[in-house]
Every structure is written in structure tokens, then in C-alpha cells.
Amino acid sequence: MERPACVVEDLKQFVVREAPQTVYYIPDFISEEEESYLLHQVYKSPKTKWTQLSGRRLQNWGGLPHPKGMLVDKIPDWLQNYCEKISLLGAFSGKTANHVLVNEYEQGEGIMPHEDGPLYHPTVTTISLGSHTLLDFYRPISSRDGEASQTEENRYLFSLLVKPRSLLILQDEMYQRLLHGIQERDQDTLTDKVMNLSAAGAQPGETLSRGTRVSLTIRHVPKVIKTKLVLGRK
Ligand SMILES: O=C(O)CCC(=O)C(=O)O
Ligand SMILES: [Fe+2]
């Protein structure tokens, strides 16, 4: 039987206490029907909407974030609905999400450890579709440490398991200090370095095979330009 989507009344009950502040993990945030619908919409988008990067493909919705302000592009209703739903949980301190990245990873693909940077409100929310993945966290390179301790392996801290249909919310230190990435692997063996194992309904030692994962990264860009006219003015 299909599990119904989760009704979130209070984010606090979804906090992952084992991780640094702040992580919320909400399993079954959307239903299987919503997942199919969202995947259908993603794959129905014009081919020109995709940008091929090394290890993944990307769709950008809402505008291109820029230090001078993001020139706002209307977000289609099928995404706007989720921007509003997540904003109503209070994820963006009362603001409404206005930017969505759609990433598609085939089995074995990933994303290098990185920071999302200062153009966003310091909260990132992610809905996963189609497959699980492990999101890995790293401490930043520090100028105090010697070169030898700066390898990716040495900087690795822990992981979060994101299952299909889940919503992950990262804020504060999790967003502003740590780097995140996804290893290019076909399957993941879960260890006690996965901080949300029980919340994600998984066991240490379990091996999960990856499929194609589509993620919706939903954020708020505070600095926006509403119309093209403004750009032309002296
Ligand atoms: O697919 C994900 O969950 C991570 C995507 C990501 O980190 C990004 O697009 O900046
Ligand atoms: Fe990122």
C-alpha cells in the first residue's frame, strides 16, 4: 500500500540531533504520486532547460543568482507549489523560496564538495526523487592546518542519507561552515557515520544501490531585481 505524504505540523520533531545545527530530515514529505508527477514535469521541460555538467545535468528555475541581484523569472506552478509549501514550514524565516535547481544524477554520478555561497539565504532545502543518495559533509580547508591533513578523506566528517520523497533542510553551521558533496558511487554501504539512519529507516551495514536521482534544491535569494527595465536605467 502506498504511504501517504507526511503532514508536517512542527519542524522540531524532525531535527537530526546527531548532526551539527541545524538539520531537519522529513521522510515521505511527498507521496509516490507527487514524486511521479514531479519527475514527469522535470522530464517534460524543454531540452534547452538542461545544462550538462561533469557528473550531472542541471535545470535552473527562478533566475540566475548574481551579486547585484537576481533578475526574477517566473517559477512554473508545479515548482511554485513546493516553494510555498516549504516556506510555510518557516524554513526561510518567513520569506518565500524563489529559486529552484533541479539536479539529475545517474547511477555513479555525484558532485564535488562545495559551499553554496553567499547569494542565498543560509538555508537549503532538498526534495529527492527517484533514488536515495548519501550527502557527505567536510570541514573547510583551514589555513592553520598543515597541507598533509587537508585531504578530502581527512576533512570528511559525516553523511546524511536522503531517501526518495524526503525533504532535507540544512541551516546555520551546516550551511555556512561545512562543505557538502556526493561521491561518485554506484552503491552506498551505510555506516555509523550516517547521522540520520534511524530517521531514514535504515540500518548500519545495509547496502543501497543507487538509481537515477533527481533533486529539487529549493532556496531563497534575498537580493532580486524584479524587471529588466531597472537594469536599463541610469
Ligand atoms: O543534489 C543534491 O542534493 C545537492 C545539490 C547541490 O549541492 C547543489 O546544487 O548545490
Ligand atoms: Fe550545494
Side-chain angles (χ1 to χ4, degrees), residues 16 19-20 22-27 29-30 35 38-39 42-43 45 49-66 70 75 79 82-83 86 91-92 97-141 152 155-186 188 194-196 199-200 208 210-221:
V16 178
T22 305
V23 179
Y24 301 99
Y25 178 79
I26 304 165
F29 179 68
I30 60 168
E35 180 186 31
L38 285 168
L39 284 169
V42 166
Y43 288 117
S45 303
K49 225 18 225 182
W50 287 105
T51 305
Q52 182 67 50
L53 301 171
S54 81
R56 65 193 162 110
R57 295 200 285 172
L58 178 72
Q59 292 179 3
N60 183 90
W61 296 97
L64 284 175
H66 187 275
M70 177 173 79
I75 293 183
L79 284 173
Y82 291 92
C83 288
I86 292 171
F92 306 101
N98 56 1
H99 190 261
V100 184
L101 279 183
V102 177
N103 278 293
E104 182 206 53
Y105 309 83
E106 289 183 5
Q107 189 185 40
E109 294 189 321
I111 184 169
M112 299 251 300
H114 65 279
E115 288 174 56
D116 285 353
L119 300 182
Y120 300 95
H121 175 91
T123 293
V124 59
T125 70
T126 311
I127 298 177
S128 294
L129 309 171
S131 171
H132 84 280
T133 203
L134 276 192
L135 206 54
D136 305 312
F137 291 84
Y138 302 84
R139 61 185 171 80
I141 294 177
E152 201 170 282
R155 287 162 49 228
Y156 168 73
L157 295 169
F158 58 86
S159 303
L160 293 170
L161 171 61
V162 288
K163 287 238 177 128
R165 300 179 292 286
S166 67
L167 174 69
L168 180 72
I169 304 179
L170 305 178
Q171 299 176 324
D172 312 317
E173 176 170 58
M174 281 295 294
Y175 181 94
Q176 285 176 308
R177 198 179 78 81
L178 305 184
L179 281 71
H180 56 275
I182 298 170
Q183 291 280 340
E184 298 189 336
R185 274 198 300 254
D186 290 347
D188 298 291
V194 180
M195 292 303 173
N196 64 330
L208 301 176
R210 287 193 201 167
T212 298
R213 171 173 174 265
V214 170
S215 64
L216 310 181
T217 301
I218 299 175
R219 286 180 281 204
H220 176 71
V221 177

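Read the numbers this way: they start at 1 and go in the same order the structure lists the ligands and their atoms. All of these numbers come straight from a predicted model, not from anything done at the bench.
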Q: Check the angle between the aromatic planes of Phe92 and His121 and answer parallel, tilted or perpendicular using the 30° and 60° thresholds.
A: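 Aromatic pair Phe92/His121 classed perpendicular.
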Considering only non-hydrogen protein atoms, determine which one is nearest to [atom] and report residue, atom name and distance to 0.1 Å.
| atom | result |
| --- | --- |
| atom 8 (C) of ligand 1 | His114 NE2, 3.8 Å |
| atom 4 (C) of ligand 1 | Tyr105 OH, 3.5 Å |
| atom 9 (O) of ligand 1 | Asn103 ND2, 3.0 Å |
| atom 3 (O) of ligand 1 | Arg213 NH2, 2.9 Å |

Q) Are any of the side-chain nitrogens in Glu109 or Arg56 under 4.0 Å away from the carboxylate oxygens of its partner? A)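 Result for this pair is no, no salt bridge flagged.
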Q: Return yes if some donor-acceptor pair links the side-chain N/O of Gln183 with the main-chain N/O of Asp136 below 3.5 Å, else return no.
A: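 Checking the backbone N and O of Asp136 against the side chain of Gln183, no donor-acceptor pair under 3.5 Å is found.
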Q. Which of the numbered atoms in ligand 1 are below 4.0 angstrom from a heavy atom of Thr126?
A.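 In order of number, 3 (O).
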Q | Those atoms of ligand 1 less than 4.0 Å from some heavy atom in Leu101 | A |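 Once the distances to Leu101 are compared, the set is 9 (O).
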Give the minimum heavy-atom separation between [X] and [Y], together with the two atoms involved.
| X | Y | value |
| --- | --- | --- |
| Ser131 | Thr212 | CB-O, 3.5 Å |
| Thr22 | Met174 | N-CG, 3.7 Å |
| Ala97 | Cys83 | O-CB, 3.7 Å |
| Gly117 | Tyr175 | O-OH, 3.3 Å |
| Pro65 | Tyr120 | CG-OH, 3.5 Å |

**Q.** Heteroatom proximity flag, His180 to ligand 1, N/O under 3.5 Å
**A.**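 Yes, at least one N or O pair falls under 3.5 Å.
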Q: Everything protein-side that's N, O or S and under 2.8 Å from the Fe ion (ligand 2): list it, residue and atom.
A: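 Listed by chain and number: His114 NE2, Asp116 OD1, His180 NE2.
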Q. Hey, which of Val102, Thr217, Ile111, Asn103 is the one that makes side chain to side chain contact (heavy atoms under 4.5 Å, CB included) with Leu58?
A.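 Output: one option passes, namely Asn103.
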Q: Would you kindly specify which portion of Asp116 sits under 4.0 Å from ligand 1, judged on non-hydrogen atoms: side chain, backbone, both or neither?
A: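 Only the side chain of Asp116 comes within reach of ligand 1.
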Q | Ring-ring centroid check His99 His220, cutoff 6.0 Å | A |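 That pair fails the under 6.0 Å test.
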